[in-house]
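Let me begin by presenting the structure, written as structure tokens, before commenting on it.
Atoms within a ligand are numbered from 1 in the order they appear, just like the ligands themselves. Just so you know, residue 1 is the first one in the sequence shown, and it goes up from there.
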Amino acid sequence: MDLHKLTAHELHRMLKKGEISVTDLCRDVFERIKAVEDRIKAYVTLTEKVALLSKAGEVDENLEAGKAISPLTGIPVAIKDNMCTKGVLTTCASKILGNYVPIYTSTAVEKLFAQDVVMVGKTNMDEFAMGSSTENSAFGVTRNPWNLETVPGGSSGGSAAAVAADEAIVALGSDTGGSIRQPAALCGVVGMKPTYGLVSRYGLVAFASSLDQIGPITKDVTDCALVLNCICGHDRMDSTSLRVDIPDYTEALVDDIKGLRIGVVKELMGEGIESSVRDSVDKAIALLESLGATCEEVSLSHLDYALSAYYLIAPAEASSNLARFDGVRYGYRTPGALEDMMEMYSKTRAEGFGNEVKRRIMLGTYALSAGYYEAYYGQAQKVRTLIVEDFNKAFEKFDVLISPTSPTVAFKIGEKYEDPLRMYMSDVCTIPVNLAGIPGISVPCGLADDLPVGLQILGKALDEMTVLRVAYAFEQKFGFKEKPAL
Ligand code: GLN
């Protein structure tokens, strides 16, 4: 049986009944990886030895000895390579961290480990999570399982491609401006960015600290709720981690959205959205209405400025966060004879960082420099506040908001690589959500030109329950069953 094709909740049922062992399951997933990874290149590092020679067997023994089984026990997971994993290379897809082996594990991953998941490997990404195509990786390009000539989206393209190609059952990604939802959309899987502060960022290599958030990439909404259940919760190691009660997110999976008020975001349905994408979303709107929800257009007028604000705030924070990579404390250091420390720093950084990362550092440093700070960074923060207010106002009237996740389906490898501004446009629909700190999910809502389209569903801060409820009802009715032909 092709176990790799199943979801975590389906596999859990089989594991619980003893129909399969964790070892069977992991072997099957690694066989799948062997069969397709050459073409996809979803992983930077595979942890096959630990998984098959020790972890899977250990979990099987525990289960045989009567240890309680949790919904994620024994499930093969893929982790984006910007989350620290003790003893396992964590590169951020950068040359500068090409030899970095952390001495600790990030909280979100630790929480998965506590449920006895089996880590399959660390997934490829845009360097330091900067990008929308996974082309900005020092370790090669990941390909979209639906069409190997196209990108899987980014920056969590490796995680999304791994799940879409059945090279992992579930995965973790990180989302600063769309990096979970956009690749999930382009790869035809489910991806969720939780409310800012719901999942600990401890051990997530920082890109833009006020925007970064870890979340699940899964084959369906049920698995998304299961992973979310596991990774949420207060962490004293992250000062922005929220102290709130965590509900059981599976209680949102009720398949009933009668009477729910859904706002369709006007600014994210017009110019720049491919017509085939808009058609799919229009059909999704009709489907949601057929389920008893009301859909009405709503305007959030400041969203037009979200992209500009983001490309000041995110690089500003990045330029500060990335100052730590100097050849002294982490990873790569330039070889050869050097005059002084300054030369060591600058050569290390010039050789260690890729072009997009350097572009962000320069943009950010400029935006923060004396004389320009108020005009750029200060102004962008004001815009951010206006966007937060727009969302607050919209949520007075609506339970959730919807839009396309990405303005286009998966684009050709190389198509936007040389044109950063076009690349940045890939996140027009997702970036406002990070600026506002609210939760958002992408669920598949059809195919256009044989490539997946994602529907984005947004909720009030900490209202993941309603977001999941709408996503689940949509998924149940829509029944997206297509798989890439690999
Ligand atoms: N594509 C956006 C950027 O390059 C978002 C990346 C992300 O969410 N990590 O900044």
Side-chain angles (χ1 to χ4, degrees), residues 79-83 92-94 108 123-137 142 151-160 171-187 191-194 196 199 201 204-217 306-322 353-364 367 380 384 405-408 410-411 415-417 419-442 454 456:
I79 305 292
K80 186 176 181 180
D81 211 18
N82 59 351
M83 288 169 225
C92 269
S94 181
T123 56
N124 198 19
M125 52 185 283
D126 287 297
E127 185 179 3
F128 284 102
M130 296 170 187
S132 313
S133 67
T134 316
E135 290 167 293
N136 299 330
S137 163
T142 297
V151 303
S155 62
S156 314
S159 284
L172 288 187
S174 71
D175 191 311
T176 304
S179 280
I180 289 174
R181 291 158 290 155
Q182 185 258 13
L186 270 47
C187 289
M192 183 173 209
K193 182 201 88 76
Y196 182 77
V199 180
R201 289 182 296 110
L204 169 70
V205 179
F207 163 10
S209 311
S210 78
L211 301 158
D212 299 340
Q213 196 56 194
I214 292 173
I217 297 183
L307 206 65
S308 316
Y310 173 89
Y311 276 99
L312 290 165
I313 293 168
E317 294 184 18
S319 73
S320 164
N321 276 328
L322 270 55
F353 288 134
N355 285 342
E356 183 59 30
V357 174
K358 287 180 197 160
R359 186 178 295 124
R360 304 286 177 108
I361 292 173
M362 285 190 280
L363 270 173
R384 185 174 189 174
T405 306
S406 160
T408 68
F411 44 92
E415 187 182 326
K416 304 186 184 176
Y417 186 67
D419 188 347
L421 291 184
R422 270 187 76 210
M423 188 71 88
Y424 296 173
M425 289 298 291
S426 307
D427 295 299
V428 268
C429 303
T430 48
I431 274 173
V433 182
N434 300 73
L435 289 171
I438 59 176
I441 197 170
S442 179
Q456 180 174 236

Exercise. Is it true that the side chains of Thr405 and Ser442 contain a donor and an acceptor less than 3.5 Å apart?
Worked result: yes
Problem set entry | Pairs where residues 311-322 contributes a residue and the test side chain to side chain donor-acceptor pair (under 3.5 Å) is met, not counting sequence neighbours | Ser209-Asn321, Ser210-Glu317, Asn321-Arg324
Problem set entry | Spacing of SG belonging to Cys92 relative to CZ belonging to Phe353, to within rounding of 0.5 Å | 10.0 Å
For this session: Tell me which part of Arg360 gets within contact of ligand 1: side chain, backbone, both or neither, using heavy atoms under 4.0 Å.
Result: side chain
Exercise. Are any of the heavy atoms in Ala314 under 4.0 Å away from ligand 1?
Worked result: no
Problem set entry | Ser174 N/O under 3.5 Å from ligand 1 N/O | no
Exercise. Do you know which of Ser159, Ser156, Ser179 makes side-chain hydrogen bond (donor to acceptor under 3.5 Å, both in side chains) with Lys80?
Worked result: Ser156
Seminar exercise, completed: For Met130, the atoms of ligand 1 under 4.0 Å from one of its heavy atoms are 4 (O)
Exercise. When you measure from atom 3 (C) of ligand 1 to every protein heavy atom, which one gives the shortest distance, and what is it?
Worked result: Tyr311 OH, 3.3 Å
For this session: Give the residue, atom name and distance (to 0.1 Å) of the protein heavy atom nearest atom 1 (N) of ligand 1.
Result: Asp427 OD2, 2.5 Å
Exercise. Any side-chain donor-acceptor pair under 3.5 Å between Ser132 and Asp427?
Worked result: yes
Exercise. Is there at least one pair of N or O atoms, one from Ser179 and one from ligand 1, spaced under 3.5 Å apart?
Worked result: yes
Exercise. With a 4.0 Å heavy-atom cut-off (strictly under), which part of Phe128 contacts ligand 1: side chain, backbone, both or neither?
Worked result: neither
Seminar exercise, completed: atom 10 (O) of ligand 1: closest protein heavy atom, distance to 0.1 Å, is Tyr310 OH, 2.6 Å
For this session: Establish, from distance only, whether the side-chain atoms of Ser94 and Glu127 form a donor-acceptor pair under 3.5 Å.
Result: yes
Exercise. For ligand 1, is any non-hydrogen atom under 4.0 Å from Thr176's backbone (N, CA, C, O), its side chain (CB onward), both, or neither?
Worked result: both
For this session: Tell me which part of Phe207 gets within contact of ligand 1: side chain, backbone, both or neither, using heavy atoms under 4.0 Å.
Result: side chain
Problem set entry | Asp175 N/O under 3.5 Å from ligand 1 N/O | no
Exercise. Which ligand 1 atoms, with their elements, are less than 4.0 angstrom from a heavy-atom of Ser155?
Worked result: 9 (N)
